[in-house]
Every structure is written in structure tokens, then in C-alpha cells.
Participant: 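Got a structure for you, questions after.
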Amino acid sequence: DLMIHTGDIAYEDGTLAQFEANVFNIYADLFRNIPFYPAAGNHEYNTSSAAPFRSVFALPGDSGEKWYSYDWGRIHFAALDTEADYATQAAWLDADLAASTLPWKIVYLHRPPYSSGEHGSDTGLRSKLAPVLAAHHVQLVLAGHDHDYERMTPQDGVAYVVTGGGGRGTRPVSSSSFTAFSAEVIHFVYLEVTADQLVMHAIDGTGTEFDSMIVQR
């Protein structure tokens, strides 16, 4: 029904030329038919504070297309900008989630609150964000930044997943006390959401499912 993205879309620096060559030339057929809602990554900010990113996508919200939310069926989505102020966004997210009456809440962003990859956990982000996510019963948080796949054991009832195994290539990932499963693998994740259950499928570059998760509402 729709695609979301956890950032670092147009390597190396998020220029207009790189968006044309590395994004629109590749995904044009998908973009013609499927809505696309990306979050910005740190590489987007390498060029004019991510101005090209905001110019090539028409994103909702009133934050200047930095962070935003929207509803899709039973799901309330919130996309954050981990290159912007964490405290400001945590306060915004607290109010945004409080205003939603939908049964499912999914948050996605670039830098991961939990990660065993090369970059590791952004603990400053976690300290600001995790209490808000738990308080509003967010079921799933998707992050990128580390070029791997990692599914955490639920933290205060919230499922955290790093899905950063995109076209740029992978990097090594280990495991931590919070890790349920991790792998250095090119992949995407596919979500199926029904009235009472969310199923996440992790699919590798050959089309094979190598991990999955079920979240009950």
C-alpha cells in the first residue's frame, strides 16, 4: 500500500544529482504507483542541511518537512528527523501520539535508539524518546543508519528494529543484551497489519524471508 524509508536515501551526499541518479532513476516505476514517505538521514544533511531532500519530496506536517505524521488505515505513522533537536521532537511526538485514537502506532527515524552495529545505540535519542514511546503504547519503531538488520527484544512493550541493509552495502553487526536477532544482510522489511496483529517479514536480496516478528495489539 505504501513505502516508508529510514533515511540515507541518496548517497553520498544527498545532492539533487544523486537523488536523480540513485533514487528516481531506480525507483521511478514504484514511485508512479506507491506513495513514499521517507525520513531524512545524516547523508541527506551533507548538502544544504537536507534542502534537496525536502525539495524532491512533498511531505506532510508543519515542521518544514523535517518531522511529520499521518494516518494510513488503522495505523498512525510518525517520521522523525534525527539530525534535528531531540527534545523538541520528543515533545511534539508526545502531543501527536496523545491526539491519535488509532489502534496501531509506528514510528520511524534514521539513527537507532538501540543498535549493535557499527554506529551503535544513540543513547541520547533513546533517553528522550523511549519514555514517550512506552507511554503511548507505540508498537513498532523502525530505524536505519547501521547497514544491517537487527531485531531487539521488546523494550517496555515497544518493538525496535534496525533496517539499514539497503543498496549501499552492509557492515558487520554483533549482538547486545537487547538483541533478539541480528544479521549483516541486504534486505527490506514488509509489514502486514490487521485489526489485532502486526506481522513483520524481513526479506533478503534473493527474496527469501530470513526473520519475522508478530506483535499483538
Participant: Can you check whether W104 reaches V215 side chain to side chain, under 4.5 Å on heavy atoms?
Facilitator: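 They are in side-chain contact.
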Participant: Answer yes when R54 and E44 have at least one side-chain N-carboxylate O distance shorter than 4.0 Å, and no when they do not.
Facilitator: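 Salt bridge between R54 and E44, a charged N being under 4.0 Å from a carboxylate O: no.
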Participant: Are L102 and L93 connected in the hydrophobic side-chain network, where two residues link if heavy atoms are under 4.5 Å apart?
Facilitator: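 Each belongs to a different hydrophobic cluster.
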Participant: Can you tell if the side chain of L198 reaches within under 4.5 Å of the side chain of I106, non-hydrogen atoms only?
Facilitator: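 Sidechains of I106 and L198: in contact.
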Participant: Looking only at non-hydrogen atoms, find the nearest pair between S116 and T179 and report the distance.
Facilitator: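 Between these two residues, the closest heavy atoms are OG-OG1, 3.2 Å.
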Participant: If we ignore hydrogens and angles and just use 3.5 Å, is the side chain of D146 paired with the main-chain N or O of H119 as donor and acceptor?
Facilitator: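 Present.
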Participant: Is there a side-chain contact between M3 and L30 in this structure, where contact means two heavy atoms from C-beta onward sitting under 4.5 Å apart?
Facilitator: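 They are in side-chain contact.
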Participant: State whether the side chain of Q139 and the backbone N or O of K105 hold a donor-acceptor pair below 3.5 Å, judged by distance alone.
Facilitator: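 Yes; at least one donor-acceptor contact below 3.5 Å.
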Participant: Could you tell me which non-hydrogen atom of Y108 sits nearest to which non-hydrogen atom of P38, and how far apart they are?
Facilitator: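 Heavy atoms of Y108 and P38 come nearest at CE1-C, 4.3 Å.
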Participant: Do T47 side-chain atoms and D13 backbone N/O form a donor-acceptor pair below 3.5 Å?
Facilitator: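 Pair found, side chain donor or acceptor close to backbone of D13.
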Participant: How long is the gap from NE2 on H145 to NE2 on H110, to the nearest 0.5 Å?
Facilitator: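 Taking NE2 in H145 and NE2 in H110, the distance rounds to 5.0 Å.
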Participant: Determine whether T15 and P52 make a side-chain contact, defined as any pair of heavy atoms from C-beta on separated by less than 4.5 Å.
Facilitator: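 T15 does not reach P52 side chain to side chain.
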Participant: How far apart are the closest heavy atoms of I75 and V193, and which atoms are they?
Facilitator: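 Closest pair (atom of I75, atom of V193, distance): CD1-CG2, 3.6 Å.
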Participant: Applying side chain to side chain contact (heavy atoms under 4.5 Å, CB included), can you list everything that pairs with A180, at least two apart in sequence or on another chain?
Facilitator: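 Applying side chain to side chain contact (heavy atoms under 4.5 Å, CB included) to A180 gives R151, T153.
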Participant: Using the rule given for side chain to side chain contact (heavy atoms under 4.5 Å, CB included), can you reason through D85 versus W92, listing the C-alpha separation, both sets of side-chain angles and the distance that settles it, and then say yes or no?
Facilitator: CA-CA 11 Å; D85 182 68; W92 170 85; over 6 Å; no
Participant: Membership question, hydrophobic clusters at under 4.5 Å side-chain separation (ILVMFWY): are Y37 and L142 in the same one?
Facilitator: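 Result: yes, single cluster for both.
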Participant: Look up atom CG in D196 and atom CD in Q216, then write down how far apart they are to the nearest 0.5 Å.
Facilitator: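 Here the rounded value is 7.5 Å.
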Participant: Can you list the steps and then say if E83 with K66 is a salt bridge (charged side-chain N to carboxylate O under 4.0 Å, His left out)?
Facilitator: CA-CA 9 Å; E83 305 310 299; K66 290 185 175 183; over 6 Å; no
Participant: Should the ring pair F24 and F57 be called parallel, tilted or perpendicular, given that the plane angle runs from 0 to 90° and is split at 30 and 60?
Facilitator: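 Plane angle between 30° and 60°, so tilted.
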Participant: Treat each ILVMFWY residue as a node, draw an edge where side-chain heavy atoms are under 4.5 Å apart, and state whether F181 and L191 are in one component.
Facilitator: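 Yes, F181 connects to L191 through the hydrophobic network.
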Participant: Taking S174's backbone N and O only, do any of them form a donor-acceptor pair with S182's side chain (distance below 3.5 Å, no angle check)?
Facilitator: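 Answer holds: yes.
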Participant: For the atom pair CD1 (I34) and CG (D29), what is the distance rounded to the nearest 0.5 Å?
Facilitator: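 That separation rounds to 10.0 Å.
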Participant: Apply side chain to side chain donor-acceptor pair (under 3.5 Å) to the pair T206 and D204, showing each step before the final yes or no.
Facilitator: CA-CA 5 Å; T206 70; D204 70 16; 2.7 Å; yes
Participant: Surrounding CG of D1 (heavy atoms of other residues, nucleotides or ligands, distance under 6.0 Å), is the total greater than 12?
Facilitator: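 Counting other residues, nucleotides and ligands, CG of D1 stays at 12 neighbours or fewer.
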Participant: Flag the pair D96 / H76 as yes when at least one side-chain heavy-atom distance between them is below 4.5 Å, and no otherwise.
Facilitator: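 In short, these two side chains touch, coming nearer than 4.5 Å.
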Participant: Might you work through the side chain to side chain donor-acceptor pair (under 3.5 Å) test for S121 and T123, ending with a clear yes or no?
Facilitator: CA-CA 6 Å; S121 304; T123 55; over 6 Å; no
Participant: For the pair S63 (side chain) and W67 (backbone), establish whether a donor and an acceptor sit closer than 3.5 Å, ignoring hydrogens and angles.
Facilitator: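 A pair under 3.5 Å: yes.
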Participant: Check whether any side-chain heavy atom of M213 sits under 4.5 Å from a side-chain heavy atom of V161, and report yes or no.
Facilitator: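 Yes - at least one pair of side-chain heavy atoms lies under 4.5 Å apart.
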Participant: At their closest point, which heavy atom of V162 faces which heavy atom of Y114, and how far apart are they?
Facilitator: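 Distance-wise, the nearest heavy atoms are CG2-O, 3.4 Å.
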Participant: Please report the interatomic distance CD1(I214) to CE(M200), rounded to the nearest 0.5 Å.
Facilitator: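 One gets 11.0 Å once the value is rounded to the nearest 0.5 Å.
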Participant: Which label fits Y11 and H147: parallel for a plane angle under 30°, tilted from 30 to 60°, or perpendicular past 60°?
Facilitator: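 Perpendicular.
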Participant: Do F53 and F19 have side chains that get closer than 4.5 Å, going by heavy atoms?
Facilitator: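 Answer yes - side chains close enough.
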Participant: With a 3.5 Å distance limit and no angle check, can you tell me whether S127 reaches the backbone of G124 through a side-chain donor-acceptor pair?
Facilitator: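 Confirmed, S127 side chain pairs with G124 backbone.
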Participant: Give me the atom names and distance for the closest heavy-atom approach of V23 to A10.
Facilitator: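 So the minimum-distance heavy-atom pair works out to CG2-CB, 3.9 Å.
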Participant: Drop me the distance from Y149's OH to I203's CD1, to the nearest 0.5 angstrom.
Facilitator: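 Here the rounded value is 9.5 Å.
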Participant: Does D71, at its CG atom, have more than 12 non-hydrogen atoms belonging to other residues, nucleotides or ligands within less than 6.0 Å?
Facilitator: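 Enclosed.
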Participant: Same cluster for L97 and Y86 if Ile/Leu/Val/Met/Phe/Trp/Tyr side chains link at under 4.5 Å?
Facilitator: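 Same cluster: L97 reaches Y86 through Ile, Leu, Val, Met, Phe, Trp or Tyr contacts under 4.5 Å.
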Participant: Using atom types as modelled and distance alone, determine if a side-chain donor or acceptor of E65 lies under 3.5 Å from a backbone N or O of L59.
Facilitator: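 Yes: the side chain of E65 pairs with the backbone of L59.
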Participant: Does H136 form a side chain to side chain contact (heavy atoms under 4.5 Å, CB included) with D94? I'd like the steps, not just the answer.
Facilitator: CA-CA 8 Å; H136 294 287; D94 188 28; 2.5 Å; yes
Participant: For the pair D8 (side chain) and N42 (backbone), establish whether a donor and an acceptor sit closer than 3.5 Å, ignoring hydrogens and angles.
Facilitator: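 Yes; at least one donor-acceptor contact below 3.5 Å.
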Participant: Kindly check if the number of other-residue, nucleotide or ligand heavy atoms within 6.0 Å of OH (Y27) is above 12?
Facilitator: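 Check fails, neighbour count at 12 or below.
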Participant: Contact between L129 and V141 at the side-chain level, heavy atoms closer than 4.5 Å - yes or no?
Facilitator: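 Side chain of L129 against side chain of V141, heavy atoms only: no contact under 4.5 Å found.
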Participant: How long is the straight-line distance from CZ of R126 back to NZ of K128, given to the nearest 0.5 Å?
Facilitator: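 Atom-to-atom, K128:NZ and R126:CZ are 13.0 Å apart.
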Participant: Do other residues, nucleotides or ligands put more than 12 heavy atoms under 6.0 Å from R217 CZ?
Facilitator: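 Counting other residues, nucleotides and ligands, CZ of R217 exceeds 12 neighbours.
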Participant: Compute the ring centroids of Y160 and F178, then answer whether they are less than 6.0 Å apart.
Facilitator: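 Y160 vs F178: aromatic centres not under 6.0 Å.
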Participant: Start with the C-alpha gap between E12 and R168, add the side-chain angles, then the distance that decides, and say whether side chain to side chain contact (heavy atoms under 4.5 Å, CB included) holds.
Facilitator: CA-CA 9 Å; E12 180 71 33; R168 184 62 172 179; 2.5 Å; yes
Participant: Please work out which of the three classes, parallel, tilted or perpendicular, describes the rings of F36 and F31, given edges at 30° and 60°.
Facilitator: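 Ring orientation, 0 to 90° scale: tilted.
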Participant: If Ile, Leu, Val, Met, Phe, Trp and Tyr residues are connected whenever their side-chain heavy atoms lie under 4.5 Å apart, and connections chain through other members, are L109 and F77 in the same group?
Facilitator: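 No, because L109 and F77 fall into different hydrophobic clusters, even though each may have its own neighbours under 4.5 Å.
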Participant: Provide the closest heavy-atom pair for P112 versus L125 in the form atom of the first, atom of the second, distance.
Facilitator: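 Closest approach of P112 to L125, heavy atoms only: C-CD2, 4.5 Å.
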Participant: Apply side chain to side chain contact (heavy atoms under 4.5 Å, CB included) to residues V107 and L133 and explain how you reach the verdict.
Facilitator: CA-CA 9 Å; V107 173; L133 301 171; 3.8 Å; yes
